[in-house]
Amino acid sequence: MDIEQARGLAREKTEKDTTYRHLVSVEGVMRRLGRHFGEDESTWALVGLFHDLDQDQTADDPDRHARLAAEWLREAGVEEAVVNGVLSHAHEEFQKDRVDKAIVAADAVAGLLVAAALVRPERATGMKVSSVKKKLKEKSFAPGVNREEIALAETNLGLTLDEFIGLAIEGLQEVAPAIGL
Ligand SMILES: [Fe+2]
């Protein structure tokens, strides 16, 4: 499935525009991380794009979350590596590969970056690692963002916080035009 078709499916399944924009932001971060690790960046991008595909239908049902998305993805013929990555961000028993570790940290950092971009007149353009780190330490800024999940990039991916945030910013910038950032 190419990225245009994939975004079309994401548009179709999401009910809220904020959910769609969240999905595309994580797509961007994951693509950049996949490239960094020399992995299949389109697989990583699709895991990012689809990880919360059923968010608007399963928000009140954590056990069903990602499982409904997996059903839709299999029906659409999406490769199993992507389906597993989607399942893994919500259900530990599916966590086995590097992509499964990356999605949890990417999900959290994308939330922080989007919140940070929205309070800048230039949005994602020219965003700096140092200013994002300041926002990270400010607990009252984007309080819904799980800081511990961002820190997983160090333990699970072997990246320093600076490296991780730097890659995440670049990934977000690549998709920014598609989500008004
Ligand atoms: Fe998410």
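Ligands are counted one by one from 1 in listed order, and the atoms in each one are counted from 1 as well.
Annotation for Ala178 and Val24: closest pair CB-CG1, 4.4 Å, computed over non-hydrogen atoms.
For Glu149 (side chain) and Asn146 (main-chain N/O), no donor-acceptor pair under 3.5 Å exists by modelled atom type.
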Let me check something: any side-chain donor-acceptor pairs from residues 126-144 under 3.5 Å, sequence neighbours excluded? List them with distances.
residue	atom	partner	partner atom	Å
Ser131	OG	Lys128	O	3.0
Lys133	NZ	Asp162	OD1	2.7

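Within Asp52, the N, O or S atom lying nearest to the Fe ion (ligand 1) carries the name OD2. Of all N/O/S atoms in Asp107, OD1 sits nearest the Fe ion (ligand 1).
For residues 21-41, the set of pairs meeting the side-chain hydrogen bond (donor to acceptor under 3.5 Å, both in side chains) definition, not counting sequence neighbours, comprises Arg7-Glu27, Asp17-Arg21, His22-His51, His22-Asp52, His22-Asp107, Glu27-Arg31, Arg32-Glu170, Arg35-Glu41, Arg35-Glu174, Glu39-Arg98, Asp40-Ser42, Asp40-Thr43.
The Fe ion (ligand 1) lies at 2.8 Å or more from every N, O or S atom belonging to His89.
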